[in-house]
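Notes to accompany the following structure.
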Amino acid sequence: MYQVAADILRYIVEFSTLLLELFGICILVYTAVKSFIFWLKKDDSIRLQLAQGIALALEFKLGGEVLRTVVVREWAELGILGAIITLRAALTFLIHWEIKNEESRVQAEMNNTPNVPGPQ
């Protein structure tokens, strides 16, 4: 009975992990295509939108890695997962830092634009 429950849990975790990683991949591809279109249109907010999409995709992939730790059976595998989680968490932190700086830059540019009066 225990082995059956463990197998069911492992299949659920593996399926959920694949699903989370698929969501991350879909978000990343969607963001890349959307950013490419904005790049063609010379949109100024492209960096911010790309960074936000990458951060969201990384968070889904990080969730998949955390979920994968539930079914780890060996210390070596746990060490590899720990390194992957640490790397993805660091990337997510750096991207959020970049988003914050880009938002500040965009806000500063908006505040420094001259106010052009319209027709009266």
Side-chain angles (χ1 to χ4, degrees):
M1 184 70 165
Y2 174 79
Q3 187 61 36
V4 172
D7 288 341
I8 290 172
L9 177 65
R10 187 175 45 121
Y11 291 130
I12 290 171
V13 168
E14 287 177 4
F15 179 75
S16 300
T17 300
L18 285 174
L19 199 60
L20 284 172
E21 293 204 0
L22 176 67
F23 291 161
I25 291 167
C26 290
I27 290 168
L28 190 57
V29 169
Y30 171 76
T31 300
V33 170
K34 186 174 82 169
S35 295
F36 181 73
I37 292 168
F38 285 150
W39 177 74
L40 290 175
K41 294 179 178 180
K42 309 262 190 263
D43 190 339
D44 291 336
S45 66
I46 184 175
R47 290 187 59 180
L48 181 59
Q49 292 178 13
L50 183 59
Q52 288 172 336
I54 291 172
L56 182 60
L58 267 173
E59 288 174 13
F60 271 98
K61 296 195 65 65
L62 183 62
E65 293 298 333
V66 169
L67 191 57
R68 189 172 289 156
T69 62
V70 172
V71 293
V72 171
R73 304 241 186 254
E74 298 176 8
W75 283 104
E77 193 176 353
L78 186 61
I80 292 169
L81 276 174
I84 291 170
I85 288 171
T86 303
L87 179 63
R88 287 189 178 167
L91 285 172
T92 301
F93 173 77
L94 288 173
I95 289 172
H96 280 291
W97 179 72
E98 176 77 22
I99 289 170
K100 189 181 196 182
N101 287 339
E102 188 66 20
E103 285 175 340
S104 297
R105 185 188 68 79
V106 169
Q107 187 67 29
E109 284 181 3
M110 289 177 65
N111 291 339
N112 289 336
T113 55
N115 190 5
V116 179
Q120 295 181 3

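Quick note: numbers below take in every heavy atom, side chains included, and nothing from hydrogens, waters or symmetry partners.
- Tracing side-chain contacts under 4.5 Å through hydrophobic residues (I, L, V, M, F, W, Y), one never reaches L58 starting from L56; they form parts of separate clusters.
- The minimum heavy-atom distance linking G64 with L20 is given by the pair N-CD1, 3.7 Å.
- Atoms CG and CD, on L62 and E21 in that order, are 10.5 Å from each other to the nearest 0.5 Å.
- Side chain of R10 to backbone of V71: no donor-acceptor contact under 3.5 angstrom is found.
- Side chains of L81 and V66 form no contact here, defined as non-hydrogen atoms less than 4.5 Å apart.
- Within the 4.5 Å cutoff, no side-chain heavy atoms of R88 are placed close to those of E59.
- Summarising the geometry of L67 relative to V13, their closest heavy-atom pair is O-CG1, 3.3 Å, with the distance given to 0.1 Å.
- Separating the CD1 atom in I85 from the CD atom in E65 is a distance of 6.0 Å, to the nearest 0.5 Å.
- Proximity of Q49 to F38: side-chain heavy atoms (C-beta onward) are separated by under 4.5 Å at one or more points.
- To the nearest 0.5 Å, atom OG1 of residue T92 and atom NZ of residue K61 are 11.5 Å apart.
- L94 places none of its side-chain heavy atoms less than 4.5 Å from the side chain of E98.
- When all heavy atoms of S35 and I46 are compared, the pair lying nearest together is O-CD1, 3.0 Å.
- V70 and L19 fall within the same hydrophobic cluster, where Ile, Leu, Val, Met, Phe, Trp and Tyr residues are linked whenever their side-chain heavy atoms come under 4.5 Å apart, directly or through other members.
- Between T31 and I54, the shortest heavy-atom distance links the atoms CG2-N, 4.5 Å.
- Taking CG from L48 and CD from E103, the interatomic distance works out to 5.0 Å, rounded to the nearest 0.5 Å.
- Taking all atoms of both residues into account, the shortest heavy-atom contact from A55 to I99 is CB-CD1, 4.1 Å.
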Kindly indicate, with the supporting measurements, whether the criterion salt bridge (charged side-chain N to carboxylate O under 4.0 Å, His left out) is fulfilled by R68 and E77. CA-CA 10 Å; R68 189 172 289 156; E77 193 176 353; over 6 Å; no

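- Follow the hydrophobic side-chain contacts under 4.5 Å out from V72 and you never reach L9; the two are in separate clusters.
- In this structure, the side chains of H96 and Q52 stay at 4.5 Å or more apart for every pair of heavy atoms.
- Cluster annotation: L87 and L28 are assigned to the same hydrophobic cluster (Ile/Leu/Val/Met/Phe/Trp/Tyr, side-chain heavy-atom contacts under 4.5 Å, transitive).
- Across all non-hydrogen atoms, the minimal contact from A57 to G24 is CB-O, 3.3 Å.
- Linking Ile, Leu, Val, Met, Phe, Trp and Tyr residues whenever their side-chain heavy atoms come within less than 4.5 Å leaves L50 and I27 in two separate clusters.
- In this structure, K100 places its NZ atom where only 12 or fewer heavy-atom neighbours from other residues, nucleotides or ligands lie under 6.0 Å away.
- Note that CG of L22 is 4.0 Å distant from SG of C26, once rounded to the nearest 0.5 Å.
- From T17, atom OG1 reaches atom CD of E14 across 7.5 Å, with rounding to the nearest 0.5 Å.
- Using a cutoff of 4.0 Å between basic side-chain nitrogens and carboxylate oxygens, E109 and R105 are scored as salt-bridged.
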